Amino acid sequence: MQTPWLTFASFPHKALAEPCIHAALKKAFAENEEVQEMAQNNFIMLNLMHETTDKNLSPDGQYVPRIMFIGAAMEKSYVSVFLLLVAISCVLAKDVGKKDTKETNTKPKLPQTLSRGWGDQLIWTQTYEEALFRAKHSNKPLMIIHHLDDCPHSQALKKVFAEHKEIQKLAEKFILLNLVYETTDKNLAPDGQYVPRILFIDPSLTVRADITGRYSNRLYAYEPSDISLLYSNMQKALKLLKTEL
């Protein structure tokens with residue numbers, strides 16, 4: 001008997017009509033012992049975080065999450081498993097929604113997703129365009145941190161940055177943005193696209209290329225040991241702003 005394929009399409013970065021459904025379905029699938037046993041013994045498994053070129057995998061659109069079966073004829077038991085998953089996910093989604101609503105009413109929700117660990121108490125912008133707009137209209141300088149989640153140097157700097165009380169306090173005077181991808185603005189990479197690197201932009205939308213770190217081959221890089229210099233440069237960005245206005 002040919003083993004059927006069970007294909008998942010799941011893109012957590014895309015906006016969903018009900019964002020909790022995706023997480024709830026994953027949780028239900030992983031915790032259901034019968035589903036796990038059937039999946040292990042009867043299917044070739046594949047989960048995707050990107051669309052393929054095969055249009056047959058999106059017969060009614062490229063929404064997520066969606067689950068499809070490929071190959072051998074789908075038996076009734078497999079259909080039952082799928083319906084079970086959908087039912088469980090809907091119940092969990094409602095419970096999660098109620099829990100989120102309750103927590104929202106009791107305490108403010110921290111922007112932990114946008115902070116990516118650089119300071120959950122701080123207000124972070126989501127995009128470069130939004131950050132520029134807010135810097136211009138609030139008359140505050142913009143600080144942009146380029147980093148990567150799998151870069152040990154980025155992680156080390158993040159830890160020191162988040163734990164430095166004076167930096168966290170001073171950061172409140174900036175429009176803040178941290179990026180794990182490069183923008184199309186070449187002014188944000190005056191000497192290359194390395195990470196971590198930190199640049200400042202004033203409200204006139206001018207990149208402060210003169211505010212640098214201590215390394216001649218990576219002008220805007222900072223190591224954990226450079227945290228005092230970064231603090232001084234943040235003060236410098238604020239002083240330059242006041243001087244030039």
Side-chain angles (χ1 to χ4, degrees), residues 11-16 19 49-51 64 108-162 164 167-213 215 217-223 226-227 229-242 244-245:
F11 310 99
H13 59 280
K14 286 189 176 181
L16 302 178
M49 295 184 65
H50 59 82
E51 294 292 346
V64 293
K109 188 175 181 181
L110 300 177
Q112 294 184 7
T113 300
L114 294 181
S115 75
R116 297 187 178 91
W118 289 89
D120 292 342
Q121 299 293 343
L122 298 171
I123 299 176
W124 297 84
T125 51
Q126 186 170 7
T127 66
Y128 181 45
E129 292 74 18
E130 177 193 353
L132 290 176
F133 177 86
R134 291 183 60 184
K136 182 177 181 180
H137 289 82
S138 67
N139 205 33
K140 289 183 177 181
L142 166 62
M143 180 167 67
I144 300 181
I145 304 173
H146 288 85
H147 64 106
L148 290 174
D149 290 335
D150 59 354
C151 168
H153 300 288
S154 298
Q155 295 300 313
L157 181 61
K158 178 195 298 186
K159 185 177 186 298
V160 176
F161 185 96
H164 197 286
I167 278 188
Q168 291 289 301
K169 183 65 176 179
L170 192 61
E172 295 176 358
K173 299 181 180 181
F174 289 81
I175 301 300
L176 299 169
L177 174 66
N178 70 80
L179 296 173
V180 291
Y181 59 87
E182 294 292 338
T183 70
T184 57
D185 189 347
K186 295 181 180 180
N187 293 314
L188 294 185
D191 63 341
Q193 295 182 345
Y194 52 86
V195 294
R197 73 179 188 276
I198 300 177
L199 290 103
F200 299 91
I201 299 177
D202 69 18
S204 69
L205 307 188
T206 300
V207 176
R208 288 295 183 181
D210 57 310
I211 303 180
T212 63
Y215 307 104
N217 60 332
R218 293 173 294 129
L219 292 176
Y220 309 99
Y222 296 86
E223 298 290 341
D226 303 324
I227 198 68
L229 175 59
L230 176 57
Y231 181 77
S232 298
N233 280 346
M234 291 171 67
Q235 292 179 313
K236 184 178 181 181
L238 291 171
K239 289 180 179 179
L240 285 173
L241 172 66
K242 292 180 181 180
E244 296 171 4
L245 288 179

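Given the structure is predicted, the values throughout are model-derived calculations rather than measurements.
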How many angstroms lie between [atom1] in [X] and [atom2] in [Y], if you round to the nearest 0.5 Å?
X	Y	atom1	atom2	result
Leu114	Asp120	CG	CG	10.5 Å
Lys236	Asp210	NZ	CG	5.5 Å
Met234	Ile211	CE	CD1	11.0 Å
Asp202	Leu238	CG	CG	11.5 Å
Leu176	Leu142	CG	CG	8.0 Å
Asn178	Leu122	CG	CG	10.5 Å

**Glu223 and His153: CA distance, side-chain angles, deciding distance, side-chain contact (heavy atoms from CB on, under 4.5 Å) verdict** = CA-CA 7 Å; Glu223 298 290 341; His153 300 288; 3.9 Å; yes
**Asked** What residues, two or more places apart in sequence or in another chain, satisfy ring pair (Phe, Tyr, Trp, His ring centres under 6.0 Å) together with Tyr222?
**Response**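 Partners of Tyr222 under the ring pair (Phe, Tyr, Trp, His ring centres under 6.0 Å) test: none.
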**Asked** Partners of Phe174 by ring pair (Phe, Tyr, Trp, His ring centres under 6.0 Å), sequence neighbours excluded?
**Response**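 Result, ring pair (Phe, Tyr, Trp, His ring centres under 6.0 Å) vs Phe174: Phe200.
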Minimal non-hydrogen separation, [X] against [Y], with atom names:
X	Y	value
Ala131	Leu177	CB-CD2, 4.0 Å
Ser138	Ile175	OG-CD1, 3.6 Å
Pro203	Ala135	CB-O, 3.6 Å
Ala162	Gly119	CB-N, 4.5 Å
Tyr220	Ala209	OH-O, 2.6 Å

**Message:** Considering only residues two or more places apart or on different chains, which pairs with a residue in residues 126-139 satisfy salt bridge (Lys or Arg N to Asp or Glu O under 4.0 Å)?
**Reply:**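 As it turns out, the salt bridge (Lys or Arg N to Asp or Glu O under 4.0 Å) pairs with a partner in residues 126-139, which skip direct neighbours, are Glu130-Arg134.
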**Request:** Please list all pairs passing the salt bridge (Lys or Arg N to Asp or Glu O under 4.0 Å) test where one or both residues lie in residues 141-162, with sequence neighbours left out.
**Result:**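 Sorted pair list: Lys159-Glu163.
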**Request:** Using modelled atom types only, decide if a donor and an acceptor are shared between the side chain of Arg197 and the backbone of Leu188 within a distance under 3.5 Å.
**Result:**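 Confirmed, Arg197 side chain pairs with Leu188 backbone.
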**Request:** Spell out, as yes or no, whether a donor-acceptor pair under 3.5 Å connects the side chain of Gln168 to the backbone of Phe161.
**Result:**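 Judged by distance alone, yes, a pair lies under 3.5 Å.
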**Qualifying residues under side-chain contact (heavy atoms from CB on, under 4.5 Å), relative to Phe133, sequence neighbours excluded** =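 For Phe133, the residues satisfying side-chain contact (heavy atoms from CB on, under 4.5 Å) (neighbours in sequence not counted) are His137.
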**Request:** Please collect all side-chain hydrogen bond (donor to acceptor under 3.5 Å, both in side chains) contacts where either partner lies in residues 183-192, sequence neighbours excluded, each pair once.
**Result:**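 Qualifying pairs, neighbours excluded: Tyr128-Asp185, Asp185-Asn187, Asp191-Tyr194.
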**Message:** Is it the case that atom CD in Gln235 sees more than 12 heavy atoms from other parts of the structure closer than 6.0 Å?
**Reply:**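 Above 12, so yes.
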**Prompt:** What is the ring orientation for Trp118 with His147, classed by angle as parallel under 30°, tilted 30 to 60°, or perpendicular over 60°?
**Reply:**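 Rings of Trp118 and His147: perpendicular, over 60°.
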